[in-house]
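The chain is numbered in sequence order, starting from 1. Both ligands and their constituent atoms are indexed starting at 1 by order of listing.
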Amino acid sequence: MIRLFTAGGILLDTVVAADGTLGPRSMGGNAVYSAAGARLWLDGVGIVGRLPENYPRELVAQLAVAGIDTQGLHFEAESVAEGEWFFYRPDGSRADHLHAPLDEPPPHPPGTRLDARTRGLLEERLRLRPAAGRDFASFRRSHPVRLEDVPAAYRQARAAHLAANRPDQQVEMARGLSREGIGLSVDPGSNAGIYPAADLAELFRAVRAFLPSERELEALVPGFGLAAGLLHVQRLGAPIVVVKLGARGCGRLGPDGALETMPAFPVAAVDPTGAGDAFCGGFLAGLVLFEDVRAAICLGTVSASFAVEAFGPFHLLDTSRHTARARLTSYLATLDPALAEPLRPIFSDLDAA
Ligand SMILES: OC[C@H]1O[C@H](O)[C@H](O)[C@@H]1O
């Protein structure tokens, strides 16, 4: 039985980490990382998305072996010629919209630590090269995930996470799924600043939780800053709003209206790709299990901590629930006791999940 599903992109990513390490080409995409983040806590997690005809079938099979239901994945007749590349900078920012042909071997063996000059030249080369065909971003614009992609077997789910998608279809999915009684979390992604106001109002009416990054919140309500931005978005109608702050954790307005932040779990981060998505999946799993926002934040935080420990989603996907629970306990120990103590009895229910 599907309890929760995620919908969004399924891509092929290549990452150059902030320390210059070139990662292997990996399965990526916001739907994958958010599903992985949820699966860490729950069985019955499905994924909905559209894939190009030439997407490696073995990666989809690997996702299924890791416990994600893949009947919501649909292959299109069209192929993609170019994979995504991301370059992280030491300050945590990322250069994206960079692509290279999928049929070309990587310029250096994965695992190579590129020095600053080599890395800069590679980024520049990818930026300047003419496109050799369809990339994943344009594929997703032509083939957005749609409401009708959600299989009948998923319509009984308690919850769904709508990862960044073409805005018209994200709103359409939110409208349709909320009418069916499915509790939704939504990540606007980099489209945050381009939603027409009427669509945003409709989106906020349909969702339970709105989960932008700091940059996306700023794009939605420019110049407000965190606390006032969160208040403004909440007043627009989103019942729960949590802003993702990257390595600084996340924030929301507490019951007294003041900004309450919760830290990230400190790990040796290898690749931050997908951390925000993994947080969203873990967060929604937490809402399904506990109906408690702080508890949901803890689960999202732990999911994100595993996502950043390796390149690609399979380290997170291969993490056992036992290991996740142990990290949750360690995370609680990093929190202010006033915050942590009320959460301990809530998490004792995790054994039954
Ligand atoms: O944010 C992480 C994911 O979304 C992007 O679309 C990348 O593919 C990446 O895997």
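For Arg146, there are no salt bridge (charged side-chain N to carboxylate O under 4.0 Å, His left out) partners, not counting sequence neighbours.
By the 30° and 60° cut-offs, the orientation of the rings of Phe224 relative to His232 is tilted. Between Phe306 and His315, the ring planes are tilted. Angles from 30° to 60° get that label.
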Solution key, residues 151-159 side-chain donor-acceptor pairs under 3.5 Å, sequence neighbours excluded:
unit_1, atom_1, unit_2, atom_2, d
Tyr154, OH, Asp69, O, 3.0
Tyr154, OH, Asp69, OD1, 2.7
Tyr154, OH, Gly72, N, 3.3
Arg155, NE, Val150, O, 3.3
Arg155, NH1, Glu180, OE1, 3.3
Arg155, NH1, Glu180, OE2, 2.5
Arg155, NH2, Leu147, O, 3.0
Arg155, NH2, Val150, O, 3.3
Arg158, NH2, Val288, O, 3.4
Arg158, NH2, Glu291, OE2, 3.2

Output a table of donor-acceptor pairs, distance under 3.5 Å, between side-chain atoms of residues 335-343 and any protein atom two or more places apart or on a different chain; print 'none' if there are none.
unit_1, atom_1, unit_2, atom_2, d
Asp336, OD1, Ala338, N, 2.9
Glu341, OE1, Arg344, NE, 3.3
Glu341, OE2, Arg344, NE, 3.1

May I have every N or O pair linking ligand 1 to the protein at under 3.5 Å, one per line with atom names and distance?
unit_1, atom_1, unit_2, atom_2, d
ligand 1, 1 (O), Asp277, OD2, 2.8
ligand 1, 8 (O), Asp13, OD1, 2.8
ligand 1, 8 (O), Asp13, OD2, 3.2
ligand 1, 8 (O), Gly29, N, 3.3
ligand 1, 10 (O), Asp13, OD2, 2.4
ligand 1, 10 (O), Gly29, N, 2.7

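With respect to Phe87, the side-chain contact (heavy atoms from CB on, under 4.5 Å) criterion is satisfied by exactly one of Asp96, Leu114, Leu122: Leu122.
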